[in-house]
Asks: 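My structure is below; once you've seen it, I'll send some questions.
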Amino acid sequence: MSKSMPRRPDNPPRPVGPPPDRASLRAAAEAHIARFAATERGLAQVLERRITRWGRRAAEDGQDSTTVTETVNRIRPLAGEIAHEMVELGAVNDQAFAKSRAARLTRSGRSRRAVQAQLAAKGIAPDEATQAMEEALGDDDAARDAELAAALIFARKRRAGPFRRDTESADMPPEDEIRIYSAFARAGFSHTVAEKALSMDPEEAETRIFTLKANL
């Protein structure tokens with residue numbers, strides 16, 4: 001019987017290369033923004049994670065931990081510097097990102113409060129987020145219409161209010177009413193907006209959704 005050859009691992013570890021430098025991080029930044037919209041802070045975080053991954057792999061490879069830590073700390077500031085360079089070149093624009101993301105999230109049924117939270121998580125400053133939302137969604141009456149339409153989209157996803165099935169009773173059991181109003185509250189919609197959305201005529205609801213998506 002022939003002796004079996006040792007089995008090669010399915011995913012052999014890749015060799016740890018040199019630490020990222022300005023040139024490789026700049027190339028990574030350009031590749032990222034070519035595929036994804038990004039904020040300045042979001043791009044910096046992408047590059048920081050790249051640096052951190054190198055440090056983790058280098059430590060796992062047996063390199064001196066003190067040297068690895070010193071190297072990571074030395075090159076980490078490059079992430080922010082390169083992200084800022086992309087802003088100066090016009091390749092990254094926080095305001096344009098915020099405006100586009102605000103419109104997209106509203107079309108998906110997100111409340112104004114949820115949109116603000118999402119923008120903050122992406123590193124958009126509160127004043128920039130407010131300005132972007134006003135430009136994308138309007139203010140006063142336009143903003144209220146956008147919020148109500150977003151609530152209707154939210155209701156449609158849950159087949160609630162004007163989107164309940166024909167076979168379902170027009171009146172919700174108390175426990176179902178509590179559940180759906182709680183869902184609206186968790187999503188950031190006020191009780192007043194939720195009440196308007198849930199009590200709206202189906203035809204008007206569809207018209208409001210169509211108008212929102214046509215205008216954003």
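Quick caveat: nothing in here was measured; it's all calculated off a predicted structure.
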Asks: Is Pro162 close to Leu152 at the side-chain level, that is, under 4.5 Å between some pair of heavy atoms?
Replies: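 Counting from C-beta outward, Leu152 and Pro162 do come under 4.5 Å.
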Asks: Say whether Leu148 and Phe163 are linked into one hydrophobic cluster, either directly or through other cluster members, by side-chain heavy-atom distances under 4.5 angstrom.
Replies: yes
Asks: Considering only heavy atoms from C-beta outward, does the side chain of Ile153 approach that of Ser108 to under 4.5 Å?
Replies: no
Asks: Just to verify, what does Arg186 make a side chain to side chain contact (heavy atoms under 4.5 Å, CB included) with, not counting sequence neighbours?
Replies: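 Once residues adjacent in sequence are excluded, the partners of Arg186 under the side chain to side chain contact (heavy atoms under 4.5 Å, CB included) criterion are Ser182, Ala183.
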Asks: For Ser24, check side-chain hydrogen bond (donor to acceptor under 3.5 Å, both in side chains) against everything at least two apart and list the hits.
Replies: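 By the side-chain hydrogen bond (donor to acceptor under 3.5 Å, both in side chains) rule, Ser24 matches Asp21.
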Asks: Please name the residue in the list Arg50, Glu30, Glu48 that meets the side-chain contact (heavy atoms from CB on, under 4.5 Å) test with Leu25.
Replies: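 That would be Arg50; it is the only one of Arg50, Glu30, Glu48 passing the side-chain contact (heavy atoms from CB on, under 4.5 Å) with Leu25.
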Asks: So which atom in Pro20 and which in Ile75 form the shortest heavy-atom distance, rounded to 0.1 Å?
Replies: O-CD1, 3.5 Å
Asks: Ala58: which residues meet the side chain to side chain contact (heavy atoms under 4.5 Å, CB included) condition with it, sequence neighbours left out?
Replies: Val16, Trp54, Gln63, Val68
Asks: What residues, two or more places apart in sequence or in another chain, satisfy side chain to side chain contact (heavy atoms under 4.5 Å, CB included) together with Ser190?
Replies: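 Ser190: side chain to side chain contact (heavy atoms under 4.5 Å, CB included) contacts with Thr192, Val193.
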Asks: To the nearest 0.5 angstrom, please state how far the CD1 atom of Ile178 sits from the CD1 atom of Ile180.
Replies: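 Between Ile178 CD1 and Ile180 CD1, I get 12.5 Å after rounding to 0.5 Å.
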Asks: What pairs of residues pass the salt bridge (Lys or Arg N to Asp or Glu O under 4.0 Å) test when at least one of them lies in residues 73-91, not counting sequence neighbours?
Replies: Arg22-Glu81, Arg22-Glu85, Arg26-Glu85
Asks: Identify each donor-acceptor pair in which a side-chain atom of residues 112-135 lies under 3.5 Å from a protein atom, sequence neighbours left out, and give them as a table.
Replies:
{"residue": "Thr130", "atom": "OG1", "partner": "Pro126", "partner atom": "O", "Å": "3.0"}
{"residue": "Gln131", "atom": "NE2", "partner": "Glu135", "partner atom": "OE2", "Å": "3.1"}

Asks: Any side-chain heavy atom of Leu212 sitting closer than 4.5 Å to one from Leu216?
Replies: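 Yes. Closest side-chain heavy atoms under 4.5 Å.
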Asks: So Phe184 and Phe154, would you call those rings parallel, tilted or perpendicular, with 30° and 60° as cut-offs?
Replies: perpendicular
Asks: Side chain to side chain contact (heavy atoms under 4.5 Å, CB included) with Ser199: which residues, sequence neighbours excluded?
Replies: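 Per chain and number, Ser199 pairs via side chain to side chain contact (heavy atoms under 4.5 Å, CB included) with no residue.
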Asks: Of the non-hydrogen atoms in Ala151 and Ala197, which two are nearest, and what is the gap between them?
Replies: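 Scanning both residues completely, I find the closest heavy atoms to be CB-CB, 4.0 Å.
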Asks: If every non-hydrogen atom of Ala29 is compared with every non-hydrogen atom of Leu47, which pair is closest and at what distance?
Replies: N-CD2, 3.9 Å
Asks: At what distance, to the nearest 0.5 angstrom, does OH of Tyr181 lie from CG of Asp176?
Replies: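 So the gap between those two atoms works out to 12.5 Å.
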Asks: Can you name the residues that form a side-chain hydrogen bond (donor to acceptor under 3.5 Å, both in side chains) with Asp141, not counting sequence neighbours?
Replies: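 side-chain hydrogen bond (donor to acceptor under 3.5 Å, both in side chains) list for Asp141, sorted by chain: Arg144.
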Asks: Between the side chain of Asp61 and the main-chain N/O of Arg57, is any donor-acceptor distance below 3.5 Å?
Replies: no
Asks: Any salt bridge (Lys or Arg N to Asp or Glu O under 4.0 Å) involving residues 98-111? Give me the pairs, sequence neighbours left out, ordered by first then second residue.
Replies: none
Asks: Between Arg208 and Glu204, is there a salt bridge with N-O shorter than 4.0 Å?
Replies: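 A salt bridge is present here (some side-chain N lies under 4.0 Å from a carboxylate O).
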Asks: Can you list the residues that meet the side-chain hydrogen bond (donor to acceptor under 3.5 Å, both in side chains) rule with Arg156, with sequence neighbours excluded?
Replies: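 By the side-chain hydrogen bond (donor to acceptor under 3.5 Å, both in side chains) rule, Arg156 matches Glu206.
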Asks: Main chain of Ala187, side chain of Ser111: is a donor-acceptor contact present, judged purely on distance under 3.5 Å?
Replies: yes
Asks: Quick one: name the residues clustered hydrophobically with Leu89, using the 4.5 Å side-chain heavy-atom rule over I, L, V, M, F, W, Y, and just say none if it's on its own.
Replies: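 Listed partners: Ile33, Leu43, Met86, Val87, Val92.
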Asks: CZ/Arg164 to CZ/Arg158 distance, rounded to the nearest 0.5 angstrom?
Replies: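 One finds 14.5 Å between CZ of Arg164 and CZ of Arg158.
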Asks: So, using side-chain hydrogen bond (donor to acceptor under 3.5 Å, both in side chains) as the criterion, who are the partners of Asp64 when residues are at least two apart?
Replies: Thr67
